[in-house]
Amino acid sequence: MKIATWNVNSIRSRVEHVLMLLKDNEVDILGIQELKTEEKNFPFKDFESLGYYVEAFGQKAYNGVALISKFPFESITKNVLNDTEARTIVGIVKGLHILNVYFPHGGEYGSEKFFYKLEFYQKIKNYILKNNLLDVDFILMGDFNVAKEPIDVWDPVMLDGTIGFMKEEREAISDLMSIGLVDAFRHFNPDVQEFTWWDYTSGSFRRNWGMRIDYILVSKSMLPKLQNCYIEKTFRKLEKPSDHVPVVLEISV
DNA sequence: ATGGCCATCAGCGATGGA
């Protein structure tokens with residue numbers, strides 16, 4: 001079974017690319033972020049006609065998350081943090097608890113958005129602990145908007161202290177992972193430098209000026225089931241791409 | 001080149017993204 005995450009940067013602009021990922025990579029369960037639309041404008045039919053179940057939680061213009069699954073949802077909860085922004089959706093599929101999150105961008109150091117981002121990380125951690133999700137087959141995936149280690153950015157010296165690679169942000173994601181979550185990509189690729197996001201400006205993709213800010217984290221009980229985890233970079237080469245690419249996890253069910 | 005993008009909403013410029 002394949003489970004994937006992808007920040008699509010507008011679902012209405014990226015439907016064809018998402019359908020391509022589902023078909024070509026045979027993805028069974030997909031979490032997407034940055035829908036940038038309300039549910040009423042979400043292209044449900046494109047996915048349902050392929051046989052997928054879809055649960056979307058959106059808002060106008062910004063944020064928004066969805067889960068797309070070949071298997072029916074045993075349960076769905078939107079907005080687990082009771083936030084004013086549409087950033088979280090959790091579903092149970094085939095006994096797996098899957099929390100799909102669009103973490104805040106955060107803005108400049110010390111800004112209101114910066115503190116919102118750090119608090120958001122704390123709240124996600126508390127939600128996981130409070131609901132005992134470390135004791136079940138649990139997957140936390142999405143756009144974390146933080147690169148954890150120097151290997152996760154193209155120039156750790158130049159980017160030190162910039163958005164997505166500040167000390168406080170890196171401590172926030174480390175703190176979240178320290179409760180017992182394993183970074184699936186890093187589990188299979190301990191020394192590999194690969195990125196999931198490249199800026200649209202400055203020919204960043206061509207120069208490989210990227211960052212790894214999208215993750216699939218799993219609880220310990222998932223470890224025996226993991227088979228592979230890879231970043232599907234090809235989607236950044238398409239016409240009108242998202243600035244992020246999908247991360248795919250293969251597990252045995 | 002002290003440069004370079006993209007999507008949205010509202011209504012062609014401002015805002016957010018990372």
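In what follows, chains carry the letters A, B, and so on, assigned in the order in which the sequence lines appear, proteins first and then strands, with residues in each chain numbered from 1.
- Atom CD in Glu85(A) sits roughly 18 Å away from atom P in dT8(B) (whole-Å rounding).
- What separates CD of Glu112(A) from C1' of dT15(B) is a distance of 16 Å, to the nearest Å.
- If you check every strand for non-hydrogen atoms under 4.0 Å, Asn7(A) touches sugar and phosphate atoms only.
- Separation of the C1' atoms belonging to dC6(B) and dC12(B) is 15 Å when rounded to the nearest angstrom.
- Using bins of under 30°, 30° to 60° and over 60° for the plane-to-plane angle, the ring pair Phe114(A)/Tyr109(A) lands in the tilted bin.
- Pairs of residues two or more places apart, or lying in two chains, that qualify as salt bridge (charged side-chain N to carboxylate O under 4.0 Å, His left out) and include a residue from residues 204-217 of chain A are Asp152(A)-Arg212(A), Asp183(A)-Arg212(A).
- The residue Lys113(A) sits close only to the backbone: its heavy atoms come under 4.0 Å of sugar-phosphate atoms, none of a base.
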Please tabulate the protein-to-nucleotide N/O contacts below 3.5 Å involving nucleotides 5-7 of chain B, giving atom names and distances.
residue	atom	partner	partner atom	Å
dC5(B)	O4'	Tyr200(A)	O	3.1
dC5(B)	O4'	Thr201(A)	N	3.3
dA7(B)	OP1	Arg14(A)	NH1	3.3
dA7(B)	OP2	Lys240(A)	NZ	2.9
dA7(B)	O3'	Ser10(A)	OG	3.2

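- Two rings, from Phe103(A) and Phe120(A), have their centers less than 6.0 Å apart.
- In this entry the distance linking CD of Gln33(A) with C1' of dG17(B) reads 14 Å, nearest Å.
- Sorted pairs that involve residues 38-54 of chain A and meet side chain to side chain donor-acceptor pair (under 3.5 Å), not counting sequence neighbours, are lacking altogether.
- Counted by atom type alone, Gln33(A) and Asp143(A) present zero donor-acceptor pairs between their side chains at under 3.5 Å.
- Not a single donor-acceptor pair under 3.5 Å links the side chain of Arg236(A) to the backbone N or O of Val245(A).
- Lys240(A) places no side-chain N or O within 3.5 Å of a backbone atom of Ser13(A) that could act as its donor or acceptor partner.
- Of the two residues contacting DNA chain B, namely Ile11(A) and His244(A), the nearest-nucleotide position lying further toward the 5' end is that of Ile11(A).
- Remark: Thr201(A) pairs with Asp199(A) by the side-chain hydrogen bond (donor to acceptor under 3.5 Å, both in side chains) rule, at least two apart or across chains.
- Interface residues of residues 59-66 of chain A facing DNA chain B, ordered by number: Lys60(A), Ala61(A), Tyr62(A); criterion, heavy-atom separation under 4.0 Å.
- For the pair Asn189(A) (side chain) and Phe185(A) (backbone), a donor-acceptor distance under 3.5 Å is present.
- Taking a 6.0 Å sphere around CD of Glu26(A), one finds it holds 12 or fewer heavy atoms contributed by other residues, nucleotides or ligands.
- dG16(B) sits 14 Å from dA10(B) when the P atoms are compared, rounded to a whole Å.
- Across the protein-nucleic acid pair, Leu35(A) atom CG and dG16(B) atom P stand 19 Å apart, rounded to whole Å.
- Nucleic acid contact for Phe195(A): none, since no nucleic acid atom lies under 4.0 Å from a heavy atom of the residue.
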request  = Give the dot-bracket string for DNA chain B, reading 5' to 3', where a pair is Watson-Crick or G-U wobble with both distances under 3.5 Å, ( ) marks pairs inside the strand, [ ] marks pairs crossing earlier ones, | marks a partner on another strand, and . marks unpaired.
outcome  = ....(((((...))))).
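- Across all strands shown, Asn41(A) has no heavy atoms under 4.0 Å from either base or sugar-phosphate atoms.
- The CG atom of Asn145(A) sits 8 Å away from the P atom of dG17(B) (whole-angstrom rounding).
- Between His244(A) and Trp197(A), the ring-plane angle classifies as tilted under the 30° and 60° cut-offs.
- Taking the centre of each ring, Phe195(A) and Trp209(A) stay at or above the 6.0 Å mark.
- Taking atom C1' in both dT2(B) and dA7(B), the straight-line distance is 27 Å, to the nearest Å.
- Where Trp197(A) and Thr37(A) meet DNA chain B, the nucleotide closest to each residue was compared, and Thr37(A) sits on the side nearer the 5' end.
- Phe114(A) has its CZ atom 18 Å from the P atom of dG16(B), to the nearest Å.
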